[in-house]
Amino acid sequence: MLDLLPDLFDHYPEQLTLLSNPWKAFGAKSIFYGEVVTVKCFEDNSKVKSELAKKGHGKVLVVDGGGSTRRALLGDMIALNACDNGWEGIIINGCIRDAGTINTMLIGVQALGTNPIKTDKKDVGEVNVTIEIAGISIFPGMMIYADLNGVAVSRQALDLAILA
């Protein structure tokens, strides 16, 4: 399957909400989805690092970085840790770095762009709180779906068997 969102929106238009940010796709996994885990932080990726160090099978980390493009909230070492811990993907309302290396990893990443500058580590941020991205409230436990067409959320898991 090369596309997910067009078919999902065809079958579940009332259950899905598109996050209409100008997302850019990274990572070797262009289609990913899972249960939402949230991080809210601003130019400090301490909480991103600590969450991705945990087991993440079936989960997607959704990071509200306030849309800042001044620092990168994800780099290759943290992304590798996410891969090793089974995370499905990472959505960042902000930037990543080490894009070339992340593009070789079997994980899906959507972000606003890239910036080679790392963050300061002050252990500031919140985990598993309701966040807002592109005017849409996202809370832990929602489902998120992403592909090269964009990113969408749903309050509950959608039956993907309709795509077969």
Lys121 and Asn45 side chains, donor-acceptor separation under 3.5 Å:
yes

Pair Val48, Cys41 - check side-chain contact (heavy atoms from CB on, under 4.5 Å), show working.
CA-CA 8 Å; Val48 173; Cys41 59; 4.1 Å; yes

Can you tell me how far apart CG (Leu18) and CH2 (Trp23) are? Round to the nearest 0.5 Å.
10.0 Å

Are Phe9 and Leu163 connected in the hydrophobic side-chain network, where two residues link if heavy atoms are under 4.5 Å apart?
yes

Is there a path from Val37 to Ile131 through hydrophobic residues (I, L, V, M, F, W, Y) whose side chains come within less than 4.5 Å of each other?
no

A side-chain contact here means heavy atoms from C-beta on lying under 4.5 Å apart; do Arg97 and Lys118 qualify?
yes

Please name all residues satisfying side-chain contact (heavy atoms from CB on, under 4.5 Å) with Asp10, sequence neighbours left out, ordered by chain then number.
Asp7

With heavy-atom distances below 4.5 Å as the criterion, would you say the side chains of Val62 and Val39 are in contact?
no

Pair Ile144-Ile91, side-chain contact (heavy atoms from CB on, under 4.5 Å): steps then yes or no:
CA-CA 9 Å; Ile144 196 152; Ile91 308 285; 4.0 Å; yes

Smallest heavy-atom separation, Ala111 atom then Gly94 atom, equals CB-O, 3.5 Å

Before giving the answer on side-chain contact (heavy atoms from CB on, under 4.5 Å), spell out for Lys54 and Asn85 the whole-Å C-alpha distance, their side-chain angles and the decisive distance to 0.1 Å.
CA-CA 6 Å; Lys54 299 174 184 174; Asn85 285 311; over 6 Å; no

Just how far is it from atom CD1 of Ile136 to atom OG of Ser20, taken to the nearest 0.5 Å?
7.0 Å

Linking I/L/V/M/F/W/Y whenever their side-chain heavy atoms sit closer than 4.5 Å, directly or via other members, would Tyr145 and Val151 fall into one cluster?
no

Can you measure from SG (Cys83) to CD1 (Ile78) and round to the nearest 0.5 angstrom?
12.5 Å

Under a 4.5 Å side-chain heavy-atom rule over Ile, Leu, Val, Met, Phe, Trp and Tyr, are Val127 and Trp87 clustered together?
yes

Quick one: does Ile138's side chain get under 4.5 Å of Ile133's, heavy atoms only?
yes

Val60 and Tyr33, any side-chain heavy atoms less than 4.5 Å apart:
no

Kindly indicate, with the supporting measurements, whether the criterion side-chain contact (heavy atoms from CB on, under 4.5 Å) is fulfilled by Val129 and Phe139.
CA-CA 6 Å; Val129 296; Phe139 52 86; over 6 Å; no

Between Ala146 and Leu4, the two heavy atoms sitting closest are O-CD2, 4.4 Å

Residues which pass side-chain contact (heavy atoms from CB on, under 4.5 Å) with Asp44, listed by chain and number, not counting sequence neighbours
Ser46, Lys122, Val124

Are side-chain heavy atoms of Ile92 and Leu112 found at a separation under 4.5 Å?
no

Rounded at 0.5 Å granularity, tell me how far CZ in Arg155 sits from CG in Leu16.
12.5 Å

What pairs with Gln15 under side-chain contact (heavy atoms from CB on, under 4.5 Å), at least two apart in sequence or on another chain?
Tyr12, Ser154, Gln156, Leu158

Applying side chain to side chain donor-acceptor pair (under 3.5 Å) as the test, list every pair that has at least one member in residues 58-72; sequence neighbours left out.
Glu43-Ser68, Glu43-Arg70, Asp64-Asn93

Any donor and acceptor pair, going by atom type alone, linking the side chain of Asp76 with main-chain N or O of Ile102 inside 3.5 Å?
no

Could you tell me if the side chain of Leu73 sits less than 4.5 Å from the side chain of Ile96, heavy atoms only?
no

If I take atom CG from residue Leu61 and atom CD from residue Glu35, how far apart are they, to the nearest 0.5 angstrom?
12.0 Å

According to the salt bridge (Lys or Arg N to Asp or Glu O under 4.0 Å) rule, which pairs have a member within residues 79-91, sequence neighbours left out?
Lys29-Glu88

Beyond-backbone contact of Asp98 with Phe26, side-chain heavy atoms, under 4.5 angstrom:
no

On a heavy-atom basis, which atom in Asp147 and which in Pro6 lie closest, and how many Å separate them?
OD2-CD, 3.7 Å

Sorted by chain and number, sequence neighbours left out, side-chain contact (heavy atoms from CB on, under 4.5 Å) with Pro140 holds for Thr38, Asn128

Once rounded to the nearest 0.5 Å, what's the spacing between atom CD of Glu126 and atom NZ of Lys47?
9.5 Å

In terms of hydrophobic clusters joined by side-chain contacts under 4.5 Å, are Phe32 and Ile107 together?
no

